[in-house]
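One structure below.
Residue indices begin at 1 and follow the sequence shown.
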Amino acid sequence: MSQLTLARAYLALQAAAGAAWWVAVFTSDLVRSWTLGSWDPRWLVGPDLLLFVGGSALAAARSSWRVAGVTTAWTGLLGVGLVAYGLAERAAGWGVLLMAVAAVGSLAATLTLRSGRMPTAWFFIGPFGFRQAPERSRRRHVAASLFQLLVFWAGFFGVLPVLLRLFEGRLRVQWDALSAAPWPAVGAALFLLASPLGLASCLTMARRGEGTPLPSQTARKLVLAGPYRWVRNPMATAGVVQSIGAGLWFGTWTMVIAALAGALAWHVGIRPVEEADLLQRFGEPYERYRASVRCWVPRLSRSS
């Protein structure tokens, strides 16, 4: 199934979900309270049925990125207002989350309809643009890699889950069961199991590849040693497991969902570009390596 077909299918599903939600809003006080708080739905039903439900359906039927763009703009505007209200009043938490998902989905569908596929070039700029690391000592590559790893770990496994936990509490969408045994212990175990893999991958990239994990200082040599013998993307694998572990440790279910969504986005949007760059730079040796070593699931026998 092409990305264009998926975008149209998503918009059709979004239109149906939006219509069903409005039915639930007017028939269930609980749904109205959870998703709109004290907002009067009568002020929103007309514009939303036209711009969100109708816009999504029309964009799906005509494959029109312009119509989808109007839906995206409306969804983003409504989402910003709902976030501000939800955080200020500690209400409508589930509505905030639903609107955030709808805004991201609508934007992705709009961009896909316009280009025929989901554009990812915007990601590969600045520090994320592929450039070969400068020639320097192995010690400097190791130092730079460890610094990048420290910043990444502190931000994604320390600051982010704390912010998400506060966000969940403010919007009253936290899942208290995650704070009870055995989930914190499971999270700690996952994080501790995956961390050595991430560290070993980082050091191998620096020592054998003469580069760093950052795309703008990517390896000068093809790395086939260490964890890369068993799996092509050990740092990504470790990062996903660490993120899930951090989410369980801090008791934030949105961190776990973000980890899974991030893995999917990386696999679909970033991996193909990264592998194309490796193929262009290393040619046949990388092609043989890619054919013999899996992307996510480690193989039992080592690649040669």
*Residues in side chain to side chain donor-acceptor pair (under 3.5 Å) with Trp296, at least two apart?*
His267

Donor-acceptor contacts under 3.5 Å from residues 141-160 side chains, at least two apart:
| from | atom 1 | to | atom 2 | distance (Å) |
| --- | --- | --- | --- | --- |
| His141 | ND1 | Arg136 | NE | 3.4 |
| His141 | NE2 | Glu210 | O | 3.3 |
| Ser145 | OG | His141 | O | 2.8 |
| Ser145 | OG | Gly211 | O | 3.4 |
| Gln148 | OE1 | Thr212 | OG1 | 3.3 |
| Gln148 | OE1 | Leu214 | N | 3.1 |
| Gln148 | NE2 | Thr212 | OG1 | 3.2 |

_Can a donor-acceptor pair be found, under 3.5 Å and without considering hydrogens, that links the side chain of Arg32 to the backbone of Val25?_
yes

*Does Trp253 have any ring pair (Phe, Tyr, Trp, His ring centres under 6.0 Å) partners at least two apart in sequence or in another chain, and if so, which?*
Trp94

Per-pair distances, 0.1 Å, donor-acceptor, side chain in residues 69-88, under 3.5 Å, sequence neighbours excluded:
| from | atom 1 | to | atom 2 | distance (Å) |
| --- | --- | --- | --- | --- |
| Thr71 | OG1 | Leu51 | O | 2.8 |
| Thr71 | OG1 | Val67 | O | 3.4 |
| Thr72 | OG1 | Ala68 | O | 2.9 |
| Thr72 | OG1 | Ser106 | O | 3.1 |
| Thr72 | OG1 | Thr110 | OG1 | 2.9 |
| Trp74 | NE1 | Asp48 | OD1 | 2.8 |
| Thr75 | OG1 | Thr71 | O | 2.6 |
| Tyr85 | OH | Ser38 | N | 2.8 |
| Tyr85 | OH | Ser38 | OG | 2.8 |

_Walk me through whether Glu274 and Arg271 qualify under salt bridge (charged side-chain N to carboxylate O under 4.0 Å, His left out)._
CA-CA 5 Å; Glu274 182 180 52; Arg271 178 192 56 82; over 6 Å; no

*Does any pair with a residue in residues 3-29 pass ring pair (Phe, Tyr, Trp, His ring centres under 6.0 Å), and if so which ones, sequence neighbours excluded?*
Trp22-Phe26

*Got a sec: does the CZ of Arg208 have more than 12 other heavy atoms crowding it under 6.0 Å?*
no

*Under the 4.5 Å side-chain heavy-atom rule for ILVMFWY, direct or indirect, which residues accompany Leu98?*
none

*Enter the distance from Gln174:CD to Leu166:CG here, rounded to the nearest 0.5 Å.*
11.0 Å

*Quick one: CZ on Arg114 to CG on Leu4, what's the gap to the nearest 0.5 Å?*
13.5 Å

*If you look only at pairs with a residue in residues 41-63, which of them pass as a ring pair (Phe, Tyr, Trp, His ring centres under 6.0 Å), with sequence neighbours excluded?*
none

Exercise answer: donor-acceptor pairs, residues 255-262 side-chain atoms, under 3.5 Å, sequence neighbours excluded:
none

_Can you confirm whether Arg140 is buried at CZ, in the sense that more than 12 heavy atoms of other residues, nucleotides or ligands lie under 6.0 Å from that atom?_
no

*Using the test side chain to side chain donor-acceptor pair (under 3.5 Å), find all partners of Ser64 that sit at least two apart in sequence or belong to another chain.*
none

*Could you name each residue pair satisfying ring pair (Phe, Tyr, Trp, His ring centres under 6.0 Å) that touches residues 53-72, not counting sequence neighbours?*
none

_Using 0.5 Å steps for rounding, measure from the CD atom of Glu168 to the CG atom of Leu178._
8.0 Å

*Within a radius of less than 6.0 Å around CZ of Arg138, do more than 12 heavy atoms belonging to other residues, nucleotides or ligands occur?*
no

*Check: Gly37 main-chain N/O paired with Glu89 side-chain donor or acceptor under 3.5 Å*: no

Side-chain donor/acceptor pairs under 3.5 Å, residues 235-250, sequence neighbours excluded:
| from | atom 1 | to | atom 2 | distance (Å) |
| --- | --- | --- | --- | --- |
| Thr237 | OG1 | Asn233 | O | 3.0 |
| Gln242 | NE2 | Ser195 | OG | 2.9 |
| Ser243 | OG | Gly239 | O | 2.8 |

*Within a strict 4.5 Å, meaning less than it, do heavy atoms of the Gln280 and Phe130 side chains meet?*
no

*Do the side chain of Ser201 and the main chain of Leu197 share a donor and acceptor less than 3.5 angstrom apart?*
yes

*Side-chain heavy atoms of Arg90 within contact of Leu171, under 4.5 Å*: no

*Can you measure from OH (Tyr286) to CG (Leu224) and round to the nearest 0.5 angstrom?*
10.5 Å

*For the atom pair CG (Leu97) and OG1 (Thr35), what is the distance rounded to the nearest 0.5 Å?*
11.5 Å

*Do Met205 and Leu222 share a hydrophobic cluster, counting only Ile, Leu, Val, Met, Phe, Trp and Tyr and linking them when any side-chain heavy atoms are less than 4.5 Å apart?*
yes

*Any donor-acceptor N/O pair, Arg232 side chain to Val293 backbone, under 3.5 Å*: yes

*At what distance, to the nearest 0.5 angstrom, does OG1 of Thr254 lie from CZ of Arg165?*
9.5 Å

*For Glu135, all residues meeting salt bridge (Lys or Arg N to Asp or Glu O under 4.0 Å), sequence neighbours excluded*: Arg220

